[in-house]
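This report concerns only the one structure given below.
Chain letters run A, B, ... following the sequence lines, proteins first and then strands; every chain starts at 1.
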Number of protein chains: 2
Amino acid sequence: MDLINRISSEQSQFSKSERKVAALILHEPEQAIHRSIASLAALAGVSEPTVNRFCRRLGCKGYPDFKLQLAQSLAQGTPYVNRDIEENDNVDQITQKIFDSTLNALSIARQSLDSRPIAATVEAMVSARKIAFFGFGASASVAHDAQNKFARFDTPSVFSDDPLVQRMWAINSEPNDVLVCISHTGRTKALCEIAAIAHNNKATVIGITAPNSPLSENCQFTVSTNVPEDTDQYMPMASRIAQLVLIDAIIAGYTLQRGPKFREKLARVKEGLKGSRYSKQTTTKE
Amino acid sequence: MDLINRISSEQSQFSKSERKVAALILHEPEQAIHRSIASLAALAGVSEPTVNRFCRRLGCKGYPDFKLQLAQSLAQGTPYVNRDIEENDNVDQITQKIFDSTLNALSIARQSLDSRPIAATVEAMVSARKIAFFGFGASASVAHDAQNKFARFDTPSVFSDDPLVQRMWAINSEPNDVLVCISHTGRTKALCEIAAIAHNNKATVIGITAPNSPLSENCQFTVSTNVPEDTDQYMPMASRIAQLVLIDAIIAGYTLQRGPKFREKLARVKEGLKGSRYSKQTTTKE
DNA sequence: CTTGTTTTTGTAACTTTACTACATTTAGAC
DNA sequence: GTCTAAATGTAGTAAAGTTACAAAAACAAG
């Protein structure tokens, strides 16, 4: 993980004075890299060796090495995690911060991904008779999106955020049917019940949800994104984005697995959609 | 231009000894940033002041500043690559590539964002009587998601992907009503018509869509993400993600604009949702 | 609440690093 | 060859970073 993220995530392991240093650096990292250890220490109200120890705790060889790594971490355009939105931020700052934290969450998700359940999901979908995507609340739109993508394919697929519709589908499910349950927490009661019903019918139940959650208990396998998110403060944002990208990946895998003939079909579907749009005057490529 | 490129392009202006230094740095830049001026000078077979002068000639304040800039220039070197998915990629590779290209698209979107229409959107929503989110296809789930978020707020909001429902809403719209039209291409006929109707009724029509598109003609203002996307090959993926993050930003702006009392209300909504979930056994913070 | 122990923090001496002023060398022009 | 100017290096100096150790603070046990 990159240095700035580490500073903010490992704050709990720091001592009181070290936290002062951390706060200063997270507040204005660009400035910190141009300061000497003495001036940084003075600004943080601590002694120079404290700053040095702070650097060492982060695995750096010393202060110069720390500055170097910090500079790299900044240059990478690596999102500043946990730069919370503050009371009098303007719209531009808010937008940047939201984008930053989403980028950060995504790159964390990418690193911590386990490809085995993803491969298994692709496998199951390729041989599925019919596929359902269920979810509630914020996860409903994720399920909606997934089904939208699958609508272009020839395997029958449904989306629903209606518990009764979901229940009916689950009751009618059979082996070789695939049910994808989407939930950030994995604790939504209604969805757990549906999953259990389908699971009983020997349908393939896949969870895009938190590992070791009540929902994942009823799933054949679980794909999770491990996005750190402060759901206490605001609603799930980044985790939902990670789920969507995950589904994109699953779909890309599915498309590829189906082979070249299948992709020809897709091209035809795409062509068929053109009638619903205004044609372009310009010749610019979209 | 970035430092490494400058070193190689400005070589002609360097003196003989300075060129030795340049050659050394271009050969192994990663190593150079961990060396002291003395060891670098020795390695290049020149004196320390020569290295220092070399740094100054490149516009750096001195050797430490040079190292810093060099480090940044190196870190920037490898952004998220937009590698295409290939025929016999395995699932892991596909997943990484999809995440990479999404990350890439998001960071491009972040840079090219214009905050003025975003601010205007927040403004309009804060004083809105009712808000609608409309879209078709892939954009339907984006609209769905947006409405989901707004469902927690006290301003009445709707989502629809049904042209008739949309039309009825548009016909009944009034000034101070806000209509958010979401479309990747901005060329979906049905949505343009709806926008036109609402626009005629003097409702505030906001487009999350391509600039200078038929749809944006009927919008008071347009928020766009400028994500380069190869829609010919696959379906829109990254652009849709960028739209979602954009909406997150708008919602964050909205929440903040509404002030602290409003956020207390949100906390109560959140508390109210708990009944629908299984409680946690573990005490770990989510 | 006191005492002993451990952890944290700061002070001061020390080492390393980078910079400056000046001397020397080198290259080019006449 | 000699003068001039540019380039390079030497040595001293200033600044920055590190280490060892002592003081202070936090903690636990009696």
- Answer yes or no: is there an ion pair linking Lys97(A) with Asp92(A), defined by an N-O contact shorter than 4.0 Å? no

- Item | Residue-phosphate contact under 4.0 Å: Ser15(A) side-chain N/O, dT8(C) OP1/OP2 | no

- Item | Backbone of Asn90(B) reached by a side-chain donor or acceptor of Gln93(B) within 3.5 Å | yes

- With a 6.0 Å cut-off on ring centres, are Phe66(A) and Phe54(A) close enough? yes

- Message: With heavy atoms of chain A within less than 4.0 Å as the criterion, where does contact along DNA chain D begin and end?
- Response: dA16(D) to dA26(D)

- May I ask you to say whether Asp145(A) pairs ionically with Arg240(A), meaning some side-chain N is under 4.0 Å from a carboxylate O? no

- Task: Report yes or no: does Thr95(A) contribute a side-chain atom to a donor-acceptor pair with the main-chain N or O of Val91(A) at less than 3.5 Å?
- Result: yes

- Note on the structure: Quick tally for nucleotides 15-29 of chain C: nucleotides whose base has a protein heavy atom under 4.0 Å get B, sugar-phosphate-only ones S, the rest -, giving --SSBB------S--

- Just by distance, do the side chain of Thr209(A) and the backbone of Ser183(A) share a donor-acceptor pair under 3.5 Å? yes

- Should the pair Arg57(A)-Glu18(A) be classified as a salt bridge under the 4.0 Å nitrogen-to-oxygen rule? yes

- Apply the test side chain to side chain contact (heavy atoms under 4.5 Å, CB included) to residues His34(B) and Leu68(A): give CA-CA distance (whole Å), side-chain angles for both, the deciding distance (0.1 Å), then the verdict. CA-CA 9 Å; His34(B) 292 300; Leu68(A) 230 53; 4.0 Å; yes

